[in-house]
Each structure stands twice: as structure tokens, then as C-alpha cells.
Undergrad: 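Just passing along the structure, written as C-alpha cells.
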Amino acid sequence: MKYGVADTTFSRVDMGAIAIKVIKREDPDAEIIRYTVPGIKDLPVAARRLIDSGCDGVITLGWVGKTMLDKYSYLAASIGLIIVQVLTSKHVIDVTVHEDEADDEEKLKEIAIDRASKHARNLVLLVKEGKNALTPYAGKGLRQGYKDAGSID
Ligand SMILES: Cc1nc2c(=O)[nH]c(=O)nc-2n(C[C@H](O)[C@H](O)[C@H](O)CO)c1C
């Protein structure tokens with residue numbers, strides 16, 4: 001399968017490299033194309049171009065600053081990524097770290113690594129095995145970036 005990895009220079013952690021490592025581990029035959037853009041608002045076109053070049057699915061790795069302008073930028077980018085998914089009928093997994101999720105840099109790095117890794121695995125499962133690949137985990141309260149919340153029985 002062919003995977004697209006789109007990331008940004010705005011990000012403070014190299015989540016693209018982390019995603020590539022996980023995709024290679026989960027699918028040793030994977031073909032991976034990386035596309036790095038300046039910021040989150042540039043991700044929708046990067047994702048679209050990756051799909052147009054034959055990718056079966058894409059993971060985008062964005063970083064959102066602390067200001068309201070950053071948050072509005074993320075909303076715009078997120079809507080753009082959803083439009084790409086609907087128009088192409090391919091998954092674009094939108095991995096985003098929000099700078100105000102944690103105060104200290106080590107914690108932010110930990111969140112970024114965990115979120116990018118878990119969603120890279122999700123992408124491989126969806127692309128390789130399709131719509132029921134994640135069904136065994138439905139309702140389990142899985143979290144990316146944090147420990148799982150767990151299911152309510
Ligand atoms: C305000 C702003 N905030 C962010 C952000 O939080 N994260 C990010 O990755 N990029 C941001 N950008 C840059 C835009 O996404 C984009 O790169 C530029 O507008 C150039 O198209 C902007 C302009």
C-alpha cells in the first residue's frame with residue numbers, strides 16, 4: 001500500500017519521522033511519500049496532492065499555537081482536510097497537537113509522540129484492512145496523546 005505523510009515546519013516535534021517509523025513497522029511493504037509544508041493551512045492541498053499521486057491514505061501532522069488566531073487557523077485547516085476526505089473518499093487522519101495541551105515541553109513531546117504513533121497505526125489498519133479493522137476496539141475509550149479513558153460497562 002502507498003501512504004502519504006504530510007507535516008509542517010511550524011511543528012515543534014518531528015512527528016512526520018515518527019509516523020514513518022510506525023507505518024514501516026506495521027506494514028513492512030509500505031511505500032511512503034512525505035510532503036512537508038510551512039503550516040497547518042497548507043496541509044489540505046498537500047493531502048490532496050498525495051492522494052492524487054496514488055496514496056491509499058494520508059496522515060497529516062499539525063501543531064497549533066496558543067492564540068485564538070492559531071485556533072481559527074486549525075478550524076479552517078480541519079474543515080479543509082475533511083473536504084479532501086469526502087472528495088477523494090480516502091482517509092486523511094488529522095493528527096494535531098495543540099500547544100496549550102501542556103505547559104512543559106517534555107509533556108508536549110510525549111503527547112506528540114504518542115498521538116502520532118497511535119494514529120499512524122490506525123491509518124495502516126484502515127488502509128490495509130478497511131472499515132472493520134478498528135471494530136474490535138470500538139467503545140474502548142482509546143485516546144491518542146494520553147492514556148486510554150477505558151470503556152464504561
Ligand atoms: C496563525 C497561524 N497559526 C498557525 C498554527 O498554529 N500552526 C501552523 O501550523 N500554522 C499556522 N499558521 C500558518 C498557516 O498554516 C500557513 O502556513 C500560512 O498561512 C501560509 O499558507 C498561521 C498563519
Side-chain angles (χ1 to χ4, degrees), residues 1-27 30-128 131 133-134 137 140-149:
M1 307 304 285
K2 198 164 165 179
Y3 302 86
V5 175
D7 60 352
T8 72
T9 57
F10 190 101
S11 177
R12 299 184 62 201
V13 175
D14 186 359
M15 293 186 282
I18 295 159
I20 287 170
K21 201 167 134 191
V22 173
I23 292 168
K24 281 184 179 160
R25 187 189 70 206
E26 298 293 322
D27 182 357
E31 188 182 337
I32 302 170
I33 307 180
R34 186 171 184 173
Y35 192 149
T36 306
V37 293
I40 45 177
K41 285 195 289 179
D42 313 307
L43 288 172
V45 72
R48 175 69 201 240
R49 291 176 78 168
L50 285 165
I51 291 167
D52 288 349
S53 68
C55 289
D56 299 289
V58 172
I59 186 167
T60 63
L61 303 133
W63 190 280
V64 181
K66 289 181 180 173
T67 70
M68 277 315 291
L69 185 57
D70 296 324
K71 293 178 195 299
Y72 288 131
S73 295
Y74 173 63
L75 180 61
S78 180
I79 292 168
L81 291 172
I82 292 166
I83 291 170
V84 171
Q85 295 191 79
V86 173
L87 292 180
T88 61
S89 194
K90 301 273 187 222
H91 284 291
V92 177
I93 303 289
D94 168 10
V95 177
T96 311
V97 174
H98 299 259
E99 187 125 11
D100 55 9
E101 284 186 79
D103 285 330
D104 74 279
E105 293 184 346
E106 271 314 301
K107 181 67 189 164
L108 274 174
K109 189 175 171 187
E110 202 181 288
I111 291 169
I113 292 169
D114 188 72
R115 190 164 293 158
S117 303
K118 288 176 177 171
H119 275 314
R121 183 170 175 271
N122 284 337
L123 177 69
V124 172
L125 284 168
L126 284 169
V127 165
K128 274 184 77 180
K131 59 181 176 290
L134 295 174
Y137 310 103
K140 302 284 186 209
L142 302 191
R143 296 292 182 267
Q144 295 79 30
Y146 302 98
K147 73 177 172 55
D148 295 339

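This chain uses plain numbering: 1 for the first residue, then up along the sequence. In listed order, ligands and their atoms are each counted from 1.
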Undergrad: What are the atoms of ligand 1, with element, lying closer than 4.0 Å to any heavy atom of Ser73?
TA: 1 (C), 2 (C), 3 (N)
Undergrad: Looking at side-chain heavy atoms only, is the closest gap between Asn122 and Leu134 below 4.5 Å?
TA: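 Of all side-chain heavy-atom pairs linking Leu134 with Asn122, at least one is under 4.5 Å.
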Undergrad: Regarding Lys107 and Asp103, does a basic nitrogen lie under 4.0 Å from an acidic carboxylate oxygen?
TA: no
Undergrad: With atoms numbered from 1 as shown, which atoms in ligand 1 lie under 4.0 angstrom from a non-hydrogen atom of Val64?
TA: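 Those of ligand 1 that fall under 4.0 Å from Val64 are 6 (O).
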Undergrad: Regarding Asp70 and Thr67, is there a side-chain donor-to-acceptor distance under 3.5 Å anywhere?
TA: yes
Undergrad: Should one rank Gly65, Gly39, Gly62 by closest heavy-atom distance to atom 13 (C) of ligand 1, which comes out on top?
TA: Gly39
Undergrad: Once you restrict to heavy atoms under 4.0 Å, what part of Trp63 touches ligand 1? Side chain, backbone, both or neither.
TA: backbone
Undergrad: Is the closest side-chain heavy-atom distance between Ile51 and Val58 below 4.5 Å?
TA: yes
Undergrad: Of all the non-hydrogen atoms in the protein, which one sits nearest to atom 9 (O) of ligand 1, and at what distance?
TA: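 Of the protein heavy atoms, Ile40 N, 2.8 Å lies nearest.
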Undergrad: Give the numbers and elements of all ligand 1 atoms closer than 4.0 Å to a heavy atom of Leu69.
TA: 1 (C)
Undergrad: For atom 1 (C) of ligand 1, grab the closest protein heavy atom and report residue, atom and distance to one decimal in Å.
TA: Asp70 OD1, 3.3 Å
Undergrad: Return the option from Val37, Asp42, Asp7 holding the heavy atom at the smallest distance from atom 21 (O) of ligand 1.
TA: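 Heavy atom nearest to atom 21 (O) of ligand 1 belongs to Asp42.
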Undergrad: Please determine whether a side-chain nitrogen of the Lys or Arg among Glu105 and Arg12 lies less than 4.0 Å from a carboxylate oxygen of the Asp or Glu.
TA: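 Result for this pair is yes, salt bridge flagged.
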Undergrad: Would you mind reporting whether Ile20 and Lys24 have side-chain heavy atoms less than 4.5 Å apart?
TA: yes
Undergrad: Quick test: of every protein heavy atom, which one is nearest to atom 5 (C) of ligand 1, and how far off is it to 0.1 Å?
TA: Phe10 CZ, 3.5 Å
Undergrad: Between Trp63 and Leu108, is the side-chain contact (heavy atoms from CB on, under 4.5 Å) condition met? List the steps.
TA: CA-CA 10 Å; Trp63 190 280; Leu108 274 174; 4.0 Å; yes
Undergrad: When you measure from atom 19 (O) of ligand 1 to every protein heavy atom, which one gives the shortest distance, and what is it?
TA: Lys41 CE, 3.6 Å
